[in-house]
Amino acid sequence: NVNQFASQTYTITPGNCYMIDSVIVDGNYIGNPGTYTFNNVNGPHTIYASFRTVPIIVADGPLSFCIGTVRNLDAGAGYANYIWSNGATSQIAQVSTSGTYTCTVTGGGGCTSSASVTVVVNPLPVVSINPFYPADNNHVCLNGNNINGLIGSSYGMPVGGSYSGTGVFCVFFQCYWVPSMAGLGTHTVTYSYTDSNGCSNTASMNVVVDTPATVNAGPSSMILCNTL
């Protein structure tokens, strides 16, 4: 019993080889604290605690991720010793390759228990971009032809990615490459693609926009482009 508007603190002490798993106060999960205080008590309250012997491994992100990512696996605080299957000996192990990782913990009472998680590391997609003007070594005149309908085309592979760079113009869910918009010089066009695993990669190429040349042919003149 607690006097009205008084406070009452409860200490949760697990038995030998046990850890506090969860604490429920008035039907709400509040984590796994070792103590809890009811303040200004003015009615009935409930507090429940559950315990466990096996560690719970929690990752700082999805267990399926892209190559190049480092994931932290956390076996939880409060154990005397930690031994991971990858050789780590602390509460947190860092992993970057596929496999099953097991952590064996030793409690304060000398009891040991283990838990495991499986990690899947996905490769990056193989991405490529094909020349816009292959017959001219990817050179084009300033007033040359546009490249239309980039989205869904076979310029970027696999199909389904996006294009960016100087001269790329996108509108109404479609993209184009426009030499006159890019201007004279060498321009980099990049194709980006993300696969079903959420892994992304890019490929880039250079496109050269050349100045048209005027050739005097007597009474009339002819405009040429000094492409290679």
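Just so you know, these numbers use all the heavy atoms, side chains as well, and skip hydrogens, waters and symmetry mates.
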Determine, step by step, whether Leu63 and Val120 satisfy the side-chain contact (heavy atoms from CB on, under 4.5 Å) criterion, reporting the C-alpha distance in whole Å, the side-chain angles of both residues, the deciding distance to 0.1 Å, and the verdict.
CA-CA 6 Å; Leu63 291 173; Val120 177; over 6 Å; no

Asn148 atom CG, over 12 foreign heavy atoms within 6.0 Å:
yes

In Å and rounded to the nearest 0.5 Å, what is the CD1 to OG distance from Ile57 to Ser114?
8.5 Å

Are Cys199 and Thr194 side-chain neighbours, meaning at least one heavy-atom pair lies under 4.5 Å?
no

Stepwise, does the side-chain contact (heavy atoms from CB on, under 4.5 Å) test hold for Val168 with Thr166?
CA-CA 6 Å; Val168 174; Thr166 305; over 6 Å; no

Check step by step if side-chain contact (heavy atoms from CB on, under 4.5 Å) holds for Tyr79 and Cys103.
CA-CA 11 Å; Tyr79 296 103; Cys103 183; over 6 Å; no

Spell out, as yes or no, whether a donor-acceptor pair under 3.5 Å connects the side chain of Asp26 to the backbone of His45.
no

Tyr101 side-chain N/O to Ala93 backbone N/O, donor-acceptor pair under 3.5 Å:
no

Taking CD1 in Ile47 as the centre, count heavy atoms belonging to other residues, nucleotides or ligands within less than 6.0 Å. Is the count above 12?
yes

Can you give me the closest heavy-atom contact between Asn130 and Ser154, atom names plus distance?
ND2-O, 2.9 Å

Shortest non-hydrogen contact between Gly31 and Pro33, atoms and distance
C-CD, 3.4 Å

With the side chain counted from C-beta on, respond yes when Ser116 and Thr100 share a heavy-atom pair under 4.5 Å apart, and no when they do not.
yes

Can you tell me if Tyr82 uses its side chain to pair, donor with acceptor, with the backbone of Gly76 under 3.5 Å?
yes

Report yes if some heavy atom in the side chain of Val95 is under 4.5 Å from a heavy atom in the side chain of Leu73; otherwise report no.
yes

May I ask you to test the Asn138-Val208 pair for a side-chain heavy-atom distance under 4.5 Å?
no

Rounded to the nearest 0.5 Å, the CG atom of Leu124 sits from the CD1 atom of Ile67 at a distance of 6.5 Å

Decide whether Ile147 and Phe172 are clustered together by the hydrophobic rule: side chain heavy atoms of Ile, Leu, Val, Met, Phe, Trp, Tyr closer than 4.5 Å, transitively.
no

Verify the cluster assignment for Leu184 and Val207: are they in a single hydrophobic cluster under the rule of side-chain heavy atoms below 4.5 Å apart?
yes

Contact between Tyr36 and Thr11 at the side-chain level, heavy atoms closer than 4.5 Å - yes or no?
no

Between CG of Asp74 and CD of Gln91, what distance do you get to the nearest 0.5 Å?
4.5 Å

Following the transitive rule for hydrophobic clusters with a side-chain heavy-atom cut-off under 4.5 Å over Ile, Leu, Val, Met, Phe, Trp and Tyr, establish whether Met205 and Val159 coincide in one cluster.
no

Measure the shortest side-chain to side-chain distance between Ile12 and Phe51 over non-hydrogen atoms and say whether it is less than 4.5 angstrom.
yes

Which heavy atom of Phe169 sits nearest to which heavy atom of Val171, and what is that distance?
CE2-CG1, 3.7 Å

Under 6.0 Å from the OH atom of Tyr29, do we count more than 12 heavy atoms belonging to anything else shown?
yes

Does the side chain of Thr112 pick up a donor-acceptor pair with the side chain of Thr104 at under 3.5 Å?
no

For Tyr48, I'd like to know if atom OH has over 12 heavy atoms of other residues, nucleotides or ligands within 6.0 Å.
no

Closest approach of Val41 and Phe38, non-hydrogen atoms and distance?
CG2-CB, 3.8 Å

Within the distance-only criterion (no hydrogens, no angle test), does the side chain of Asp21 pair as donor or acceptor with the backbone N or O of Ser50 below 3.5 angstrom?
no

Measuring centre to centre across the rings, with the benzene-like ring taken for any Trp, is Tyr191 within less than 6.0 Å of Tyr155?
no

Gln174 and Ile151 have their tightest heavy-atom pair at OE1-N, 2.6 Å

Counting neighbours of CD1 on Ile83 that are heavy atoms of other residues, nucleotides or ligands and sit closer than 6.0 Å, is the number greater than 12?
no

Given the rule in the side-chain hydrogen bond (donor to acceptor under 3.5 Å, both in side chains) test, do Ser22 and Asn32 qualify, once you have shown the distances and angles that lead to the verdict?
CA-CA 5 Å; Ser22 61; Asn32 56 357; over 6 Å; no

Identify whether Ile92 and Val105 are in the same connected component of the hydrophobic contact network (ILVMFWY, side-chain heavy atoms under 4.5 Å).
no

Between Asn143 and Ser180, do the side chains contain an N or O donor and an N or O acceptor separated by less than 3.5 Å?
no

What verdict does the side-chain contact (heavy atoms from CB on, under 4.5 Å) test give for Val119 and Ser98, after you've listed the backbone C-alpha separation in whole Å, the side-chain angles of each residue and the deciding distance to 0.1 Å?
CA-CA 5 Å; Val119 168; Ser98 296; 5.6 Å; no

Please check this pair: side chain of Arg71 against backbone of Gln94, looking for a donor-acceptor N/O pair closer than 3.5 Å.
no

Rounded to the nearest 0.5 Å, what separates atom OH in Tyr133 from atom CH2 in Trp177?
5.0 Å

Below 4.5 Å, heavy atoms only, C-beta onward: do Tyr10 and Thr37 meet side chain to side chain?
no

Count I, L, V, M, F, W, Y as connected when their side-chain heavy atoms are under 4.5 Å apart, and connections chain through other members. Are Ile129 and Met157 then in the same cluster?
no

Gly183 backbone acceptor or donor facing His187 side chain under 3.5 Å:
yes

Rounded at 0.5 Å granularity, tell me how far SG in Cys66 sits from CG in Asn197.
7.0 Å

Is there a donor-acceptor contact under 3.5 Å linking the side chains of Ser204 and Thr188?
no

Using modelled atom types only, decide if a donor and an acceptor are shared between the side chain of Asn201 and the backbone of Pro125 within a distance under 3.5 Å.
yes

When you check the side-chain N and O atoms of Thr102 and Ser85, is any donor under 3.5 Å from an acceptor?
no

Taking atom types as modelled, find out whether Thr186 and Asn206 have a side-chain donor-acceptor pair closer than 3.5 angstrom.
no

Please name the pair of heavy atoms, one in Tyr193 and one in Val127, separated by the smallest distance, quoted to 0.1 Å.
CB-CG2, 3.9 Å

If you measure from SG on Cys170 to OH on Tyr176, what distance do you get to the nearest 0.5 Å?
9.0 Å

Heavy-atom side-chain contact between Trp84 and Thr89 under 4.5 Å
no

